[in-house]
Enquirer: 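Take this structure, written in structure tokens, and hold onto it; I'll ask about it next.
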There are 2 protein chains.
Amino acid sequence: MLFMKEQNPTKTVLYSIEHAIKEYRKISQKNIEKVVSDITVDQCLVLIILNENKNVSQIEIAKLIFKDNASITRIIELMVKKDYLIRETNALDKRKTKLEITDKGKKTIELLTPVIHLNRKTALDGLSLEEINMLDKILDKIITNCKTV
Amino acid sequence: MLFMKEQNPTKTVLYSIEHAIKEYRKISQKNIEKVVSDITVDQCLVLIILNENKNVSQIEIAKLIFKDNASITRIIELMVKKDYLIRETNALDKRKTKLEITDKGKKTIELLTPVIHLNRKTALDGLSLEEINMLDKILDKIITNCKTV
DNA sequence: TTTATATATTTGATATATCAAGTAAATTTA
DNA sequence: TAAATTTACTTGATATATCAAATATATAAA
């Protein structure tokens, strides 16, 4: 059994991690689409982060949701086009941008907050607090292992 | 504490899952690049799967590595261009393709197999068998939760 | 055996991932 | 203060993700 896991790339716990996050993203996107049709999971995350802290920079957003700066630039670009955000330059540091949530963005947050909570509840249904903490702890170890190489 | 986790999307265990798999993919790609410069993690997985079972269809490959059929089409396209694979139509079922690994592909597998094992070892370093099994079990629950909605 | 349906793959459109290189502003150093 | 370095963000190129629609072949039903 263990030998199998070693040989076949798709039978490693690392691929269960990949599998899990992909399934979670799928139902998340599906449930979000039921309520708001023109937004993605990632764009939704950007909204929520900005809603919690008006002054985060793009780099900070990138770090929070584990994305590349370039990706954030493009995600925000699309959100501005779709009237979720307004982008201006930060007067205090002109290298930075100042991101503001539009009314449409605010309404969207209200609509989607319960959906996101439901998604998490659904994904973690039946797991005990101990299991969730264990999961978190083990994943942190993996993250550290990968980073410190 | 728990309340925090509920509120901030980036403080949920689900984002630790995302974080972990992204870090793992990063070192994997880095280590692969040290040995073979023109191949990606995903392309490498396709090679290994084909090497283990000559007769898998594209759909089966897609399922094994949790990807869309369309993605597999394009991944294979690139691998054919780079002389890792030869694509023909399957004589028994002309809807399907017959994928063959080239000599370059075979050499690449030999070069990269130890790298992939090292990547896994690195990521899981310091984790006990119990922890790995626990992780697998919990992730399976999450996968099931997300699928059965 | 036609017709209908299912299956395997492809293609198009759009979003995101990643790296490298570029730009502009801010900060540090000489 | 001028030059060098760092920082924040953008842009280009290429790979992958995802859905929907299209194609071609195979299988089932009438």
Side-chain angles (χ1 to χ4, degrees), chain A residues 18-19 21-34 36-46 55-82 84-85 87-99, chain B residues 18-19 21-34 36-46 55-82 84-85 87-99:
Chain A
E18 178 129 17
H19 196 183
I21 199 63
K22 287 204 171 177
E23 293 298 339
Y24 175 61
R25 284 188 149 263
K26 255 187 226 167
I27 56 142
S28 296
Q29 186 64 49
K30 258 189 204 164
N31 289 335
I32 284 173
E33 263 165 22
K34 282 180 203 159
V36 180
S37 62
D38 72 337
I39 200 167
T40 68
V41 176
D42 292 321
Q43 290 169 8
C44 188
L45 284 176
V46 171
N55 300 316
V56 282
S57 67
Q58 295 189 189
I59 286 185
E60 286 166 329
I61 295 175
K63 272 183 197 154
L64 281 170
I65 55 179
F66 319 118
K67 288 187 191 298
D68 195 87
N69 299 337
S71 296
I72 295 296
T73 294
R74 280 152 190 154
I75 289 173
I76 285 170
E77 220 167 76
L78 291 172
M79 294 179 76
V80 170
K81 260 189 208 159
K82 291 191 285 189
Y84 283 110
L85 295 179
R87 171 159 58 176
E88 299 168 356
T89 53
N90 184 325
L92 296 172
D93 185 339
K94 287 176 192 164
R95 293 169 305 179
K96 296 187 181 181
T97 58
K98 195 187 161 201
L99 299 169
Chain B
E18 178 128 18
H19 195 182
I21 199 63
K22 286 204 171 175
E23 294 297 339
Y24 175 61
R25 284 188 149 264
K26 254 187 227 168
I27 56 142
S28 296
Q29 185 65 48
K30 258 189 203 163
N31 289 335
I32 285 173
E33 263 164 21
K34 282 180 201 159
V36 180
S37 61
D38 72 339
I39 201 167
T40 68
V41 177
D42 293 320
Q43 290 169 9
C44 188
L45 284 175
V46 171
N55 300 316
V56 283
S57 66
Q58 294 189 191
I59 286 186
E60 285 166 330
I61 295 176
K63 271 182 197 154
L64 280 169
I65 56 180
F66 320 118
K67 288 188 190 297
D68 196 87
N69 298 337
S71 296
I72 296 296
T73 294
R74 278 149 192 157
I75 289 173
I76 287 171
E77 221 168 75
L78 291 171
M79 293 179 76
V80 170
K81 259 189 207 158
K82 290 191 286 190
Y84 284 110
L85 294 180
R87 171 160 55 177
E88 299 168 358
T89 54
N90 185 324
L92 295 171
D93 184 339
K94 287 177 193 164
R95 293 169 304 180
K96 296 186 180 180
T97 59
K98 195 188 160 202
L99 299 168

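Convention: sequence-line order gives letters A, B, ...; per-chain numbering from 1.
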Enquirer: Nearest nucleotide by nearest heavy atom, which residue falls closer to the 5' end of DNA chain C, A:Gln43 or B:Lys26?
Expert: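 Taking each residue's closest nucleotide, the earlier one in sequence belongs to A:Gln43.
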Enquirer: Name the first nucleotide and the last nucleotide along DNA chain D (5' to 3') that come under 4.0 Å of a heavy atom in chain B.
Expert: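 Using the under 4.0 Å cut-off, the span is D:dA15 to D:dA26.
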Enquirer: Please report, rounded to the nearest Å, how far the P atom of C:dT9 is from the NZ atom of B:Lys98.
Expert: 14 Å
Enquirer: Tell me whether B:Lys82 contacts the main-chain N or O of B:Asp38 through its side chain, where contact means a donor paired with an acceptor under 3.5 Å.
Expert: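 Such a contact is found between B:Lys82 side chain and B:Asp38 backbone.
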Enquirer: Roughly how many Å is it from NZ in B:Lys34 to P in C:dC19, rounded to a whole number?
Expert: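 In whole Å, C:dC19 P and B:Lys34 NZ are 14 Å from each other.
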Enquirer: Give the rounded distance in Å between these two atoms: CG of A:Asn90 and P of C:dA25.
Expert: 13 Å
Enquirer: Could you check whether B:Asp42 pairs with B:Arg25 (Lys NZ or Arg NE/NH1/NH2 to Asp/Glu carboxylate O, under 4.0 Å)?
Expert: yes
Enquirer: Looking across every strand, which nucleic acid part, if any, lies under 4.0 Å from B:Lys67 by heavy atom: base, sugar-phosphate, or nothing?
Expert: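 Sugar-phosphate contact only.
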Enquirer: Give B:Asp93 one of three labels, base, sugar-phosphate or nothing, depending on what nucleic acid heavy atoms sit under 4.0 Å from its own.
Expert: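 Touches sugar-phosphate only.
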Enquirer: Under 4.0 Å between any heavy atoms, over every strand shown, what does B:Gln29 touch: base, sugar-phosphate, or nothing? Just pick one.
Expert: nothing
Enquirer: Is the shortest side-chain heavy-atom distance between A:Leu99 and A:Asn55 below 4.5 Å?
Expert: no
Enquirer: Taking 4.0 Å as the cut-off, does a side-chain nitrogen or oxygen of B:Thr73 come that near to OP1 or OP2 on C:dT10?
Expert: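 Indeed, a polar side-chain atom of B:Thr73 lies that close.
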Enquirer: Would you classify A:Arg25 as touching base, sugar-phosphate or nothing, given that sugar-phosphate means primed atoms plus P, OP1 and OP2, and contacts are heavy atoms under 4.0 Å?
Expert: nothing
Enquirer: Within the 4.0 Å heavy-atom criterion, would you say B:Lys22 contacts the bases, only the backbone, or no part of the nucleic acid?
Expert: sugar-phosphate
Enquirer: Rounded to whole Å, how long is the line connecting atom CD1 of B:Ile27 with atom P of C:dC19?
Expert: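 To the nearest whole Å, that distance equals 13 Å.
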Enquirer: Could you encode protein contacts along nucleotides 1-7 of chain C as a string, one character per nucleotide from 5' to 3', using B for base contact, S for sugar-phosphate-only contact and - for no contact, with a heavy-atom cut-off of under 4.0 Å?
Expert: ------B
Enquirer: Ignoring hydrogens and geometry, is there a side-chain-to-backbone donor-acceptor pair from A:Ser28 to A:Tyr24 under 3.5 Å?
Expert: yes
Enquirer: Which value, rounded to the nearest 0.5 Å, describes the distance between A:Gln58 atom CD and A:Asn69 atom CG?
Expert: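 Answer for the CD-CG pair, A:Gln58 versus A:Asn69, is 8.0 Å.
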Enquirer: Could you say whether B:Thr40 or A:Gln58 is positioned toward the 5' end of DNA chain D, judged by the nucleotide with the nearest heavy atom to each?
Expert: A:Gln58
Enquirer: How many angstroms lie between atom CD1 of A:Ile72 and atom NZ of A:Lys63, to the nearest 0.5 angstrom?
Expert: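 If I round to the nearest 0.5 Å, the distance is 12.0 Å.
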Enquirer: Using a 3.5 Å limit for the pairing distances, which stems of at least 3 consecutive Watson-Crick or G-U wobble pairs does DNA chain C take part in?
Expert: C:1-30 with D:1-30
Enquirer: Quick one: CD1 on B:Ile61 to CD1 on B:Ile76, what's the gap to the nearest 0.5 Å?
Expert: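 Reported to 0.5 Å precision, the distance equals 4.5 Å.
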Enquirer: Using modelled atom types only, decide if a donor and an acceptor are shared between the side chain of A:Glu60 and the backbone of A:Ser57 within a distance under 3.5 Å.
Expert: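 Checked: pair present.
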Enquirer: When we call it a touch if two heavy atoms are under 4.0 Å apart, what does B:Leu78 touch: a base, just sugar-phosphate, or nothing?
Expert: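 The answer is sugar-phosphate, as B:Leu78 gets under 4.0 Å only of primed atoms, P, OP1 or OP2.
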Enquirer: Do A:Glu88 and A:Thr97 make a side-chain contact, defined as non-hydrogen atoms from C-beta onward lying under 4.5 Å apart?
Expert: no
Enquirer: Reckon B:Ser71 touches a base, only the sugar-phosphate, or nothing at all at heavy-atom distances under 4.0 Å?
Expert: base
Enquirer: For the backbone of B:Phe66 and the side chain of A:Lys22, can you confirm whether one donor and one acceptor N or O come within less than 3.5 Å of each other?
Expert: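 Yes, A:Lys22 side chain to B:Phe66 backbone: donor-acceptor pair under 3.5 Å.
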Enquirer: Starting at the 5' end of DNA chain D, which residue's closest nucleotide do you reach first, B:Lys94 or A:Ile72?
Expert: A:Ile72
Enquirer: To the nearest Å, give me how far apart CD (B:Glu60) and C1' (C:dA8) are.
Expert: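 The distance from CD of B:Glu60 to C1' of C:dA8 comes to 11 Å, rounded to the nearest Å.
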Enquirer: Quick one: do A:Lys96 and A:Ile59 satisfy side-chain contact (heavy atoms from CB on, under 4.5 Å)? Show the steps, please.
Expert: CA-CA 9 Å; A:Lys96 296 187 181 181; A:Ile59 286 185; over 6 Å; no
Enquirer: For B:Ile39, is there any backbone N or O sitting under 3.5 Å from a side-chain donor or acceptor partner on B:Gln29?
Expert: yes
